[in-house]
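For reference, the structure discussed in these notes is given below.
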Number of protein chains: 2
Amino acid sequence: MKISKELLKGTGATLVLSVLAGGDLYGYGIVKTLAQRSEDAFAMNEGTLYPILHALEEEGCLESYWETADGRNRKYYHVTRKGLKKLRENKEEWEYFSAGMNRVLGYSPV
Amino acid sequence: MKISKELLKGTGATLVLSVLAGGDLYGYGIVKTLAQRSEDAFAMNEGTLYPILHALEEEGCLESYWETADGRNRKYYHVTRKGLKKLRENKEEWEYFSAGMNRVLGYSPV
DNA sequence: TGTATATACATTATATATCAAGGTATAACG
DNA sequence: CGTTATACCTTGATATATAATGTATATACA
């Protein structure tokens with residue numbers, strides 16, 4: 001197994017899928033949830049998020065529906081079976097990558 | 001503390017610095033060492049490596065010198081004090097990032 | 001009433017990292 | 001004597017994240 005070139009670039013999609021696997025949510029809510037769960041490590045830009053959401057939907061990993069509450073229109077996203085599969089694969093790849101990274105860094109005397 | 005935008009893009013430099021912190025080495029040797037230490041997780045492309053080496057040298061994080069052995073010309077790289085500082089910072093950032101990543105992924109039921 | 005902030009969607013231009021592919025040259029192996 | 005490994009490097013394509021910008025409504029506050 002080799003680290004795909006998409007891994008580093010793809011952590012955004014993995015984070016989004018991971019949040020949505022816990023329940024349907026809308027864009028703005030995803031950003032807030034990510035910030036909160038990572039203890040502010042991740043402050044995902046909206047210019048990063050929306051292209052990810054649209055791409056995942058195009059791929060069939062997400063489905064969306066509109067809902068209005070408090071006079072606000074929210075576009076909720078739901079993870080499909082395909083999306084869950086992708087999430088499992090991405091998590092595995094992340095674990096593999098981070099293990100490799102830690103192994104290499106572990107050799108360094110610094 | 002926030003994850004810098006350079007983190008994901010910068011793992012390449014971190015890996016290279018990490019290898020060189022263990023002793024001076026040349027480009028081709030770095031690729032081989034990385035593959036070996038990561039158990040083939042990382043197969044760094046030469047088109048990725050050389051720009052990293054040149055940029056780190058330009059920054060003052062590396063110094064280079066030529067050596068010939070077995071009729072082969074090898075350009076060895078040595079980590080400077082500044083390079084060690086950068087390595088420490090990058091490692092810290094990596095640990096912070098991977099912790100955040102694991103925290104977010106840990107919430108996912110999948 | 002007016003204004004700033006938070007919410008909520010989205011696009012566009014820019015920077016940059018990585019890769020694939022190509023180029024040059026020597027040594028070693030069969 | 002041709003293939004593989006070693007060893008340096010550059011260029012062009014691709015992709016991703018960000019910054020900046022745009023639209024619109026609700027809420028808090030002065």
Just the rounded figure in Å: distance from C1' of D/dA17 to CG of A/L49. 12 Å

Using a heavy-atom cut-off of under 4.0 Å over every strand shown, decide if A/N73 touches base, sugar-phosphate, or nothing. sugar-phosphate

Between B/E58 (CD) and C/dT16 (P), how many Å, whole number? 14 Å

Write down the distance between CZ (B/R74) and P (C/dA27), rounded to a whole number of angstrom. 12 Å

I want to verify a distance call: between D/dT18, D/dC8, D/dT10, whose nearest atom is closest to the A/T48 side chain? D/dT18

Using a cut-off of less than 4.0 Å, is there contact between a side-chain N or O of A/K32 and OP1 or OP2 of C/dA6? no

Assign the ring pair A/Y76 / A/Y65 to parallel, tilted or perpendicular, where the plane angle (0 to 90°) is split at 30° and 60°. parallel

Rounded to whole Å, the CG-C1' distance (B/D70 to C/dA25) equals 16 Å

Nearest-Å distance for atom pair CE/C1', residues A/M44 and C/dC9: 16 Å

Closest approach of A/E46 and A/P51, non-hydrogen atoms and distance? O-CD, 4.0 Å

Rounded to the Å, how far apart are A/R72 CZ and D/dA24 C1'? 9 Å

Given that B/G47 and B/Y26 both sit by DNA chain D, which one's nearest nucleotide is further toward the 5' end? B/Y26

Can A/T14 and A/W94 be said to form a side-chain contact (heavy atoms from CB on, under 4.5 Å), step by step? CA-CA 9 Å; A/T14 304; A/W94 160 254; 5.5 Å; no

Can you tell me which nucleotide in C/dT11, C/dC9, D/dC9 comes closest to the side chain of A/P51? C/dT11

The side chain of A/Y77 lies closest to which of these nucleotides: C/dA10, D/dC9, D/dT6? C/dA10

With distance as the sole test, does B/S38 use its side chain to make a donor-acceptor pair with the main-chain N or O of A/V104 at under 3.5 Å? no

Nearest to the side chain of A/Y50, heavy atoms from C-beta on, is which of C/dT7, C/dC9, C/dT18? C/dC9

Just the rounded figure in Å: distance from P of C/dT16 to CG of B/N45. 20 Å

Which nucleotide in the list D/dT18, C/dA21, C/dA10 gets nearest to the side chain of A/E46? C/dA10

Between C1' of D/dT6 and CG of B/L25, the distance in whole Å: 13 Å

Side chain of A/Y28 - closest among C/dA20, C/dT11, C/dA6: C/dA6

Donor-acceptor pair, B/K82 side chain versus B/E59 backbone, under 3.5 Å? yes

Quick one: which of C/dT18, C/dT11, D/dT6 gets closest to the side chain of B/I52? C/dT18

Should A/H54 be listed as having a side-chain N or O under 4.0 Å from OP1 or OP2 of C/dC9? no

